[in-house]
2 protein chains.
Amino acid sequence: MSVRMEDIAKILGVSKSTVSRALNNNPLVNENTKKKVLTVAKRLNFRKNYLARSLITKRTNTIGIVLPNILSSYTHEIVYGVETVANKKGYALILCVSSDDPKKEEKEIHLLREKQVDGMIIFFIGESKHCDCIWELKQDKIPFVLIDRYLKNIYSDFVVTDNIAGAYMAVKHLIKLGHKRIGFIIEPEGSTSILDRIEGYKKALNEFGIKVEKELIKTSPIRREANGYRTMKEFLLMKNPPTAVFAVNDEIAIGALEAIEEQGLKVPEDIALVGYDNLRVSHLLKVPLTTVAQPIQEMGSRAAEILIEKIEKNGITKPQRIFLKPKLIIRESCGGGKNISKRVKKVRLLINT
Amino acid sequence: MSVRMEDIAKILGVSKSTVSRALNNNPLVNENTKKKVLTVAKRLNFRKNYLARSLITKRTNTIGIVLPNILSSYTHEIVYGVETVANKKGYALILCVSSDDPKKEEKEIHLLREKQVDGMIIFFIGESKHCDCIWELKQDKIPFVLIDRYLKNIYSDFVVTDNIAGAYMAVKHLIKLGHKRIGFIIEPEGSTSILDRIEGYKKALNEFGIKVEKELIKTSPIRREANGYRTMKEFLLMKNPPTAVFAVNDEIAIGALEAIEEQGLKVPEDIALVGYDNLRVSHLLKVPLTTVAQPIQEMGSRAAEILIEKIEKNGITKPQRIFLKPKLIIRESCGGGKNISKRVKKVRLLINT
DNA sequence: TTGTACGCGTTATCAA
DNA sequence: TTGATAACGCGTACAA
């Protein structure tokens with residue numbers, strides 16, 4: 001069917017080794033024969049078969065990335081960061097989506113192994129206790145870098161952002177503005193990102209002598225705008241609702257914003273709102289959102305750099321554990337330091353009618 | 001290094017053929033030996049090497065997608081549509097980005113060939129006259145489906161949206177609201193999508209007896225928000241600015257919106273605005289944007305379905321040329337049918353001071 | 001500088 | 001039901 005090196009060899013009456021050498025810029029070939037080979041190759045529109053090549057060289061120049069989804073702009077930016085570096089370094093990228101399903105995630109990781117990728121970047125969503133496939137990667141010395149969240153019980157490379165610091169900043173900002181009842185909308189999963197953000201939330205409250213109240217931490221079902229909406233409504237229906245809400249990510253914050261406005265309340269006058277992630281949307285909202293920005297693209301590109309270095313040094317690098325610094329982006333959803341009590345009264349009034 | 005079928009064979013004292021059969025659910029193997037093989041395979045954590053397999057079967061179960069970028073939510077949604085179908089049908093996805101560079105695009109296509117993908121989906125940005133690599137794909141019978149834009153001089157599968165119809169709808173909507181001076185911000189490239197939208201714009205004007213004025217069609221340098229901003233400013237500085245502007249995509253419309261507001265003008269009271277694409281952002285803007293929605297995800301999923309069918313029927317399917325129907329999404333950026341002349345006056349006043 | 005021969009890890013063919 | 005053996009297309013050590 002397709003043109004092989006042997007075909008070129010036969011045409012020129014040379015051996016296929018010579019053709020191979022000519023095509024691989026091997027110096028052990030006469031300049032003249034090389035030219036001939038290249039000419040014929042071009043004429044026949046020859047394309048090397050990387051499968052056969054990789055079978056011998058044990059290199060595919062391909063890396064895999066495993067993500068829980070690709071609809072969020074968060075994972076989207078990760079892909080961008082990874083792709084940019086991979087491309088620059090000459091690696092192709094196989095995109096795998098686990099659809100938030102640990103079983104599927106495991107399958108994707110196995111698939112990437114079968115496809116003999118040189119390494120992988122994994123946004124791991126499985127539980128720390130059930131991460132055999134990650135252990136196996138380590139055991140079999142297949143280069144991999146975790147991204148966005150790390151595993152406490154596995155010593156490996158990872159690139160994450162410092163979620164404790166990020167949440168701490170956000171909550172401290174609200175406290176400085178005079179808030180004492182600060183709601184927190186989180187997500188159900190027990191990933192390090194969420195856990196660390198909870199830790200940052202508590203750390204800030206503790207530091208300013210504010211008691212952590214359980215009823216102010218609510219769990220939104222899944223990462224969807226609609227659920228920030230629903231959970232915010234629950235807050236608004238409380239007898240003593242929070243005066244500020246910290247959403248564990250911007251998507252939830254967007255939902256919360258809609259819920260607040262639907263109740264006829266205003267952000268930030270009635271309720272202050274902080275998100276997390278600094279999605280590209282967030283500055284375009286009706287009320288530009290104060291949020292914690294993570295260097296998401298950088299997370300992707302750093303992960304790719306580390307992975308590729310590891311690949312090219314045959315995995316003999318010491319695990320790198322990178323915590324990138326987040327940054328508080330102050331916009332309009334928190335306002336300045338107005339009188340809180342007035343606001344609270346107004347909220348109660350509106351809710352109870 | 002890694003476990004091979006031969007290793008399993010030696011342990012069990014059988015031939016590697018038997019192991020292969022057992023592992024591939026081939027009925028020509030004793031149930032008992034099959035069990036033994038599977039047990040040992042599991043114990044040794046055996047992973048098949050797909051490279052070797054594909055070398056023989058001539059199938060990689062992998063498709064490639066070539067995109068001009070992955071930062072826009074447009075291409076993003078395409079990837080989502082493609083990935084979903086590919087995954088369901090058991091195909092892996094290699095992501096290639098051409099960075100709006102035709103030379104690079106060609107390289108990526110060649111790379112995918114060398115990696116022996118079973119087929120590819122291409123958001124082709126090269127010129128119609130220089131698309132040798134597409135011709136070669138056709139010649140060499142490598143399945144491919146064009147997406148978002150088609151090539152007039154190549155008879156091949158493609159999935160696009162009907163851009164003539166989409167632009168026509170948008171402009172007709174503005175005309176029905178009373179607008180006669182309708183600006184149009186386009187992009188420099190000569191792709192079918194842009195050309196067809198221009199055709200739709202003209203078609204609507206012609207149908208209502210409005211003359212097409214050259215000065216009302218402005219070209220924004222590249223697909224970036226900032227450029228919609230700049231081009232809109234140019235419109236606002238005209239002696240006789242348009243009362244409505246149709247942006248060839250939402251990103252440009254967003255930039256235009258900011259330019260208008262920065263001038264102290266209001267949308268839709270002072271200037272009506274229509275976009276194209278219905279990005280997920282567009283309903284969240286300060287002024288929710290009236291826009292033409294394309295079924296982007298569907299474009300991706302249809303393309304993938306067609307491609308995979310073609311692969312599995314060994315390319316003996318007749319080229320499918322799909323035009324998906326766009327849809328006008330009416331929000332707030334056009335307003336109702338108010339008095340135009342008043343608005344025009346106000347615009348002039350503001351611009352000239 | 002070139003060619004021969006072998007190996008990469010599978011699947012496929014044929015004979016047993 | 002199994003096992004030798006030959007592919008698949010390429011790279012490479014070794015010999016020439």
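Below, chain A is the first sequence line, B the second, and so on; all start at residue 1.
Regarding Ile56(A), its CD1 atom lies at a distance of 17 Å from the P atom of dA5(C), rounded to whole Å. Rounded to an integer number of Å, the gap from Met5(B) CE to dC8(C) C1' is 14 Å. Between Asn26(B) atom CG and dT11(C) atom C1' the separation is 10 Å, expressed in whole Å. A straight line from CG of Asp7(B) to P of dC8(C) spans 11 Å, rounded to a whole angstrom. Between the C1' atom of dG11(D) and the CG atom of Asn24(A) lies a distance of 8 Å, rounded to the nearest Å. Taking atom CZ of Arg59(A) as the reference point, atom P of dG11(D) lies 15 Å away to the nearest angstrom. Regarding Leu28(A), its CG atom lies at a distance of 16 Å from the P atom of dA15(D), rounded to whole Å. For Arg4(A) and dG11(D), the CZ to P distance is 14 Å, given to the nearest whole Å.
Side-chain N/O atoms of Arg47(A) and base N/O atoms of dG9(D) include no donor-acceptor pair closer than 3.5 Å. Between the side chain of Ser17(B) and the base of dA4(D), at least one donor-acceptor pair of N or O atoms lies under 3.5 Å. Evaluation of atom-type donor-acceptor distances gives no pair under 3.5 Å for the side chain of Lys48(B) against the base of dT10(C).
For the pair Ser20(A) and dG11(D), the criterion of a side-chain N or O lying under 4.0 Å from OP1 or OP2 is met. Contact between the side-chain N/O atoms of Thr57(B) and the OP1/OP2 oxygens of dC8(D) is not found at any separation under 4.0 Å. Between Asn49(B) and dC8(C), a side-chain N or O to OP1/OP2 separation shorter than 4.0 Å is absent. When the side-chain nitrogen and oxygen atoms of Lys16(A) are compared with OP1 and OP2 of dT2(C), none of them lie within a distance under 4.0 Å. Contact check, Ser54(B) against dC8(D): no side-chain N or O comes under 4.0 Å of OP1 or OP2. Listed pair Thr18(A) / dT2(C) fails the phosphate criterion, with no side-chain N or O lying under 4.0 Å from OP1 or OP2.
With dT4(C), dG3(D), dT11(C) as the choices, the nucleotide that has an atom nearest any side-chain atom of Ser15(A) turns out to be dT4(C). Listed nucleotides: dT10(C), dG3(C), dT2(D). Nearest to the side chain of Val14(A): dG3(C). You'll find that the side chain of Leu55(A) is closest to dC8(C), out of dT2(C), dT10(C), dC8(C).
Between Pro68(A) and Ile125(A) the shortest heavy-atom distance is CB-CG2, 3.7 Å. Heavy atoms only, all atoms of each residue included: Ile109(A) and Cys133(A) are closest at CD1-SG, 3.8 Å.
A salt bridge links Lys310(A) and Asp157(A); the closest N-O separation between the charged side-chain nitrogens and carboxylate oxygens is under 4.0 Å. In summary, Arg47(B) and Asp140(A) do not engage in a salt bridge, as defined by a charged side-chain N under 4.0 Å from a carboxylate O.
Residue Val29(B) is the one, among Val29(B) and Phe46(A), whose nearest nucleotide of DNA chain D lies closer to the 5' end (criterion: closest heavy atom). Place Gly13(B) and Lys58(B) on DNA chain D by their nearest nucleotides, and Gly13(B) ends up nearer the 5' end.
Ring centroid separation for the pair Phe158(A) and Phe124(A) does not come in under the 6.0 Å cut-off.
Pairs engaging residues 98-108 of chain B under the salt bridge (Lys or Arg N to Asp or Glu O under 4.0 Å) rule: Lys104(B)-Glu108(B) [sequence neighbours left out].
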